[in-house]
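Each remark here refers to the structure printed beneath this line.
A note on names: the letters A, B, ... follow the listed sequences, proteins ahead of strands, and every chain is numbered from 1.
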2 protein chains.
Amino acid sequence: MTIKPVISHSLVRSSDATVANWNERLIIDMVRREGGTTRRYITANTHLSQQSVHRLVDGLVSRNFLHIGDSVINGRGQPSPLININAEAVYGVGVSINTDSVRLSIADLNCQEITNLKVDVDPANRDSALPILRDAIYECLETNDIRKDRVLGVGVAISGYRMGAKDVFVTPEPLETWSNTPLIELFETAFQMPVWVENNATAGAIGESLKGAGFAHSCFAYLSFNSGFGCGVIYEGKPFCGGFNNSGEMGRLYTPDQMLHRPALGELLLRLGKSGIHIESIDKLYTNFNPNWHGVDEWIAEVKPQLNLAIRALRATVDPTAIVFGGEAPPVLKRLLIAACDELDLDRYGREITLPAYIASDLPGDPSTIGAALLPLKDCVLT
Amino acid sequence: MTIKPVISHSLVRSSDATVANWNERLIIDMVRREGGTTRRYITANTHLSQQSVHRLVDGLVSRNFLHIGDSVINGRGQPSPLININAEAVYGVGVSINTDSVRLSIADLNCQEITNLKVDVDPANRDSALPILRDAIYECLETNDIRKDRVLGVGVAISGYRMGAKDVFVTPEPLETWSNTPLIELFETAFQMPVWVENNATAGAIGESLKGAGFAHSCFAYLSFNSGFGCGVIYEGKPFCGGFNNSGEMGRLYTPDQMLHRPALGELLLRLGKSGIHIESIDKLYTNFNPNWHGVDEWIAEVKPQLNLAIRALRATVDPTAIVFGGEAPPVLKRLLIAACDELDLDRYGREITLPAYIASDLPGDPSTIGAALLPLKDCVLT
DNA sequence: TTAATAACCACACTTTGTGTGTAGAAATAA
DNA sequence: TTATTTCTACACACAAAGTGTGGTTATTAA
């Protein structure tokens with residue numbers, strides 16, 4: 001049984017029951033990325049003619065995805081009315097399930113996070129978690145005055161890799177309860193809304209593609225420093241999933257020996273513990289991090305070879321134009337990790353080669369939750 | 001100045017001047033891959049309706065890309081006429097420029113190699129090579145009775161990585177003369193035909209996607225064992241080029257120290273030479289290879305760690321469903337290399353994970369030349 | 001012999017784009 | 001002030017490429 005969209009009829013195209021066709025999505029995403037623009041600009045920057053842009057924008061305005069604002073003067077000629085996103089047109093709900101916490105988030109059509117909260121459930125117990133999560137979602141929508149028929153669906157970010165189907169995961173052991181189950185059916189039944197499921201690193205990458213590095217890069221790798229260490233790849237603006245849908249599963253790069261020294265924050269917590277600094281969760285690390293703590297420099301030195309190996313592997317295979325340092329690492333730590341990267345910008349004949357940009361993600365908090373909330377938007381109305 | 005297609009007007013669609021639109025290409029490629037099929041099969045295996053398939057096939061038959069053959073009976077109902085590829089409809093010409101040889105090849109619409117020959121030119125001297133190559137192409141077309149208006153264009157495979165534009169390469173030093181030049185304009189001017197340019201590993205991968213592993217895999221990595229060691233990635237049936245267009249440039253994976261022990265056949269020739277076995281070219285290695293030669297086992301052991309690192313890097317980032325061992329390595333050597341691959345099929349909790357298939361390519365001779373000849377076909381009429 | 005099935009094909013229709021042409025509004029240049 | 005320019009707005013005819021309906025025909029199973 002597939003859950004049908006619950007969104008308003010006025011938002012759905014009568015012809016094919018989708019929310020927006022590809023050219024409409026191109027226009028919505030262009031308006032969003034530009035933070036408002038004119039029909040003139042859209043005509044100049046798409047393959048569409050003036051007449052087509054006019055008709056498509058008209059339709060999107062009448063279906064309330066876009067607003068017409070004041071006119072702007074661009075030299076001679078009639079001024080262009082500004083076209084703006086109607087941020088309240090549709091929303092995406094995001095849920096991230098991590099080993100130590102479950103978070104909930106709502107994003108509007110502008111990809112702005114409306115709310116982000118920790119849900120007080122035990123992620124290790126599926127049966128008790130699902131109804132609590134469902135209640136939390138509906139309560140959260142009500143609190144924020146969001147009608148249910150404006151919600152495209154729920155994106156779920158979970159750590160682990162896929163096995164067979166696109167929605168069956170093998171999770172880290174603390175999340176064993178979510179393993180080997182078709183998650184879409186599970187969540188759709190629980191939430192009574194359409195559901196998307198994605199690996200947490202890829203969810204972070206999607207968030208970055210819509211709000212951060214994606215403005216300048218259409219092919220980049222997103223390093224996700226969480227309890228573990230993962231990676232999401234964006235190619236041609238879309239998530240790259242590979243053959244078995246496990247692209248970016250960095251554990252497969254390392255030998256068992258190297259695994260112990262990979263840049264996973266869970267390992268950092270252990271090292272800090274040994275130095276007498278006891279941090280109980282990645283959450284707390286984010287808020288309390290001090291780069292002068294005893295053990296930080298040592299850990300950076302310890303993981304540096306594995307971090308550089310990951311970057312070499314990405315450059316050799318994916319060849320991204322940017323590598324984004326994200327996940328739940330504290331901002332200062334991201335900068336320390338970037339500083340630890342070797343800059344191998346010469347080929348074997350000593351000729352210069354272009355390096356990818358190393359970027360510290362500045363999406364706040366847990367990027368996989370906001371990324372999860374953006375999944376429905378990305379899949380229905382954006383590009 | 002862009003060279004216009006020289007193919008017959010009867011093969012080009014009047015509406016948009018392309019050779020075939022996407023649905024037509026889907027059908028042509030399905031007929032090709034099936035080695036002939038019925039409209040019934042096409043209808044069942046595409047998103048197209050019976051009526052649309054009928055209309056599209058009709059158009060392709062009247063434009064001579066397809067032939068209608070005998071009918072086959074499939075149980076009750078009217079028998080279906082067989083639809084076959086007209087192999088002589090269009091052709092692609094391929095040129096590969098390697099450090100030690102220049103090869104020329106012609107492929108028909110069935111992706112069958114019509115001819116493959118070594119061109120007697122010095123690849124190190126561009127100005128003398130171009131006119132000789134042009135003459136060789138036209139002579140070769142004449143010899144094989146192929147009219148010029150059936151040729152889609154020339155694909156060129158060259159070793160090296162891209163710099164900036166998609167047709168500007170930085171080549172290995174022996175091919176310095178082809179470096180830092182927009183190659184499309186260069187070759188189009190010389191050949192007076194449309195030209196495609198591709199890295200030789202990716203050209204091999206494209207060949208494999210049309211004639212070998214591509215029948216079963218839409219995402220695979222193609223390891224190209226040549227004088228150097230490269231890789232081409234196919235994703236969703238198409239070449240994956242990454243952000244800077246240098247996906248698969250495996251040199252970037254290795255440290256300078258590892259580079260000396262990477263699985264490049266040029267290095268094998270050096271090791272064999274030290275053992276008193278003097279092979280003058282990769283060509284000769286292909287025809288005369290003996291796995292019992294002193295030095296072969298030692299070389300396999302020497303490169304094994306770097307080969308496995310490449311595979312780990314590919315599995316972590318691209319996650320292909322197959323890894324094809326190709327390039328100019330002799331068949332026996334490919335099998336030895338496959339045997340040297342560790343099979344890391346357990347995750348860090350000891351759970352089983354699906355391995356990619358390790359496949360020895362059985363395209364004969366130099367795959368990059370045939371791959372080059374397939375470039376125009378892939379880009380104009382196949383998918 | 002007859003019913004069922006599948007292929008074939010004509011036709012009307014829909015969606016989604018294009019190009020042409022016209023009218024009008026507002027800013028700038030002379 | 002007036003003319004020019006630039007851009008919006010909109011009507012209309014048209015084209016490409018798909019769909020659905022329904023009828024005809026060929027073959028097999030009962």
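- In this entry the distance linking CZ of A/Arg39 with C1' of C/dA25 reads 14 Å, nearest Å.
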Pairs: protein N or O with nucleotides 20-23 of chain C N or O, under 3.5 Å:
unit_1: C/dT20; atom_1: O4; unit_2: A/Gln51; atom_2: NE2; d: 2.6

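- Contact between the side-chain N/O atoms of B/Asn21 and the OP1/OP2 oxygens of D/dA17 is found at a separation under 4.0 Å.
- Not one N or O on the side chain of A/Asp319 forms a donor-acceptor pair closer than 3.5 Å with the backbone of B/Gly242.
- Per the geometry, NE2 belonging to A/His47 stands 12 Å off P belonging to C/dG19, to the nearest Å.
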In residues 86-93 of chain B, what donor-acceptor pairs under 3.5 Å come from side-chain atoms, sequence neighbours left out?
unit_1: B/Asn86; atom_1: OD1; unit_2: B/Glu88; atom_2: N; d: 3.3
unit_1: B/Asn86; atom_1: ND2; unit_2: B/Asn64; atom_2: O; d: 2.8
unit_1: B/Asn86; atom_1: ND2; unit_2: B/Asn64; atom_2: OD1; d: 3.2

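- With hydrogens and angles disregarded, a donor-acceptor distance shorter than 3.5 Å links the side chain of B/Asn246 to the backbone of B/Arg162.
- Contact check, B/Ser49 against D/dG20: no side-chain N or O comes under 4.0 Å of OP1 or OP2.
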N/O-N/O pairs, protein side and nucleotides 4-6 of chain C side, under 3.5 Å:
unit_1: C/dA4; atom_1: O3'; unit_2: B/Arg76; atom_2: NH1; d: 3.3
unit_1: C/dT5; atom_1: O2; unit_2: B/Gly77; atom_2: N; d: 3.4

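- The interatomic distance linking B/Arg25 (CZ) with D/dA17 (C1') rounds to 17 Å, in whole Å.
- Using a 4.0 Å cut-off on heavy atoms, none of the residues of residues 55-72 of chain B approach DNA chain C.
- Under the rule for a side-chain contact (heavy atoms from CB on, under 4.5 Å), the partners of B/Leu66 that lie at least two apart in sequence or sit in another chain are B/Ile27, B/Val31, B/Val57, B/Leu60, B/Val61, B/Ile83, B/Ile85.
- Side chain of A/Thr321 to main chain of A/Cys219: a donor-acceptor pair is present (N/O by atom type, distance under 3.5 Å, no hydrogens or angles).
- With a 4.5 Å cut-off on side-chain heavy atoms, B/Ile28 and B/Leu109 count as touching.
- Within residues 28-37 of chain B, no residue has a heavy atom under 4.0 Å from DNA chain D.
- Qualifying side chain to side chain donor-acceptor pair (under 3.5 Å) partners for B/Asp108, counting only residues two or more places apart in sequence or in other chains: none.
- Applying the side chain to side chain donor-acceptor pair (under 3.5 Å) test to A/Arg25 and every residue at least two apart in sequence or in another chain returns nothing.
- Partners of B/Ser105 by side chain to side chain donor-acceptor pair (under 3.5 Å), not counting sequence neighbours, listed by chain and number: B/Glu113.
- In this structure A/Thr18 satisfies the side chain to side chain donor-acceptor pair (under 3.5 Å) test together with A/Arg13, A/Asp16, sequence neighbours excluded.
- Relative orientation of the B/Tyr235 and A/Tyr235 rings is perpendicular, given thresholds of 30° and 60° on the angle between their planes.
- Checking the phosphate oxygens (OP1, OP2) of D/dT8, no side-chain nitrogen or oxygen of A/His54 falls inside 4.0 Å.
- In the set D/dT19, D/dA9, C/dA27, D/dT19 carries the atom at the smallest distance from any side-chain atom of B/Ser52.
- With sequence neighbours excluded, the residues satisfying salt bridge (Lys or Arg N to Asp or Glu O under 4.0 Å) with A/Asp29 are A/Arg32, A/Arg33.
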Side-chain polar contacts of residues 37-44 of chain A - donor-acceptor pairs under 3.5 angstrom, sequence neighbours left out - could you list them?
unit_1: A/Thr38; atom_1: OG1; unit_2: A/Tyr41; atom_2: N; d: 3.1
unit_1: A/Tyr41; atom_1: OH; unit_2: A/Glu34; atom_2: OE2; d: 3.0
unit_1: A/Thr43; atom_1: OG1; unit_2: A/Arg39; atom_2: O; d: 2.9

